[in-house]
Amino acid sequence: GENVEQHPSTLSVQEGDSAVIKCTYSDSASNYFPWYKQELGKRPQLIIDIRSNVGEKKDQRIAVTLNKTAKHFSLHITETQPEDSAVYFCAASLGGGSNYKLTFGKGTLLTVNP
Amino acid sequence: GAGVSQSPSNKVTEKGKDVELRCDPISGHTALYWYRQRLGQGLEFLIYFQGNSAPDKSGLPSDRFSAERTGESVSTLTIQRTQQEDSAVYLCASSLAPGQGAGGYTFGSGTRLTVV
């Protein structure tokens, strides 16, 4: 089955700096890669996703890049703000097929220091 | 409804007792998933329902765990003879069927299960 590795497990940055979280996946057939943000005590929420037919996607201060050959994808947050502090999870799945199960990474605790 | 609803939000049970957790997905979402999140850990897949297809039970950790779903509506996750290692937040999510659009899940708020 799919295996998703996520690094780093913790990340601390100063407000205004950029943050990068990296994930690798094992199943070359995976074609859908979402990122979820989970604030303390709250439910995970989708913040951005990318499909394997594109290499990069941006949404304001958030961007995701995908390298299918290397089987890795990354989340980039620019101009970080204290409210970006949360746990971020990457995931991978065979989206579009009969099996839509997501395999999640173990999460990255991002702390943005004011 | 507007979101995925889970009940109860918190459940404390004695070791050895059975518990039943409920999930009410977003109307129109044919796919429903259960995940388990232990304290400070990632999301562990348990089971996946898609329409009337046979569920994917590959993530259930033991035969003490079972889940049902009636059609495309409510699902219940049952844990029999609970053990302390079952303590976790159980998250339910729903999504549109593959190919119907954005593949993102919408998660419920979870049920925090504590086995004492």
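Naming: A, B, ... by sequence-line order, numbering from 1 per chain.
- For A:Phe104 and B:Tyr35, the gap between ring centers is short of 6.0 Å.
- Few gaps surround CD on A:Glu83; more than 12 heavy atoms of other groups in view lie less than 6.0 Å from it.
- Along residues 106-116 of chain B, the residues that come nearer than 4.5 angstrom to chain A, judged on non-hydrogen atoms, are B:Phe107, B:Gly108, B:Ser109 in order of number.
- For a residue to count as touching a neighbouring chain, one of its non-hydrogen atoms must lie under 4.5 Å from one of that chain's; by this rule B:Glu44 does not touch chain A.
- Connection of A:Trp35 to A:Val54 is established within a shared hydrophobic cluster, with ILVMFWY side chains joined at heavy-atom distances below 4.5 Å, either directly or through further cluster members.
- Between chain B and the options A:Lys42, A:Gln6, A:Gln38, heavy-atom pairs under 4.5 Å are most frequent for A:Gln38.
- Residues A:Ile48 and A:Tyr88 are members of one and the same hydrophobic cluster, defined by side-chain heavy-atom contacts under 4.5 angstrom among Ile, Leu, Val, Met, Phe, Trp and Tyr.
- In this structure, A:Lys101 satisfies the cation-pi test against B:Phe45, with its NZ or CZ atom closer than 6.0 Å to the six-membered ring centre and inside 45 degrees of the ring normal.
- No more than 12 heavy atoms of other residues, nucleotides or ligands lie within 6.0 Å of CG in B:Asn52, so this atom counts as exposed by the packing criterion.
- Within 6.0 Å of atom CD in B:Glu68, 12 or fewer heavy atoms from other residues, nucleotides or ligands are found, so the atom counts as exposed in its surroundings.
- Taken together through direct or relayed side-chain contacts under 4.5 Å among Ile, Leu, Val, Met, Phe, Trp and Tyr, B:Tyr48 and B:Leu32 form parts of separate hydrophobic clusters.
- The number of heavy atoms from other shown groups lying within 6.0 Å of CD (A:Glu56) is above 12.
- Within the 4.5 Å cutoff, side-chain heavy atoms of B:Leu43 are placed close to those of A:Phe89.
- With a 4.5 Å cut-off on non-hydrogen atoms, B:Val4 touches chain A through its backbone but not through its side chain.
- Residues A:Ile77 and A:Leu11 share a single hydrophobic cluster, defined by chaining ILVMFWY side chains whose heavy atoms lie under 4.5 Å apart.
- Contacts between A:Pro44 and chain B at a heavy-atom distance below 4.5 Å involve backbone atoms as well as side-chain atoms.
- Placement of A:Val64 and A:Phe33 within a single hydrophobic cluster is found when ILVMFWY residues are connected by side-chain heavy-atom separations under 4.5 Å, directly or transitively.
- Note on ring orientation: taking the six-membered ring where Trp is involved, the planes of A:Tyr36 and B:Tyr105 are tilted (angle from 30° to 60°).
- At a heavy-atom separation below 4.5 angstrom, chain A is approached by no residue within residues 79-88 of chain B.
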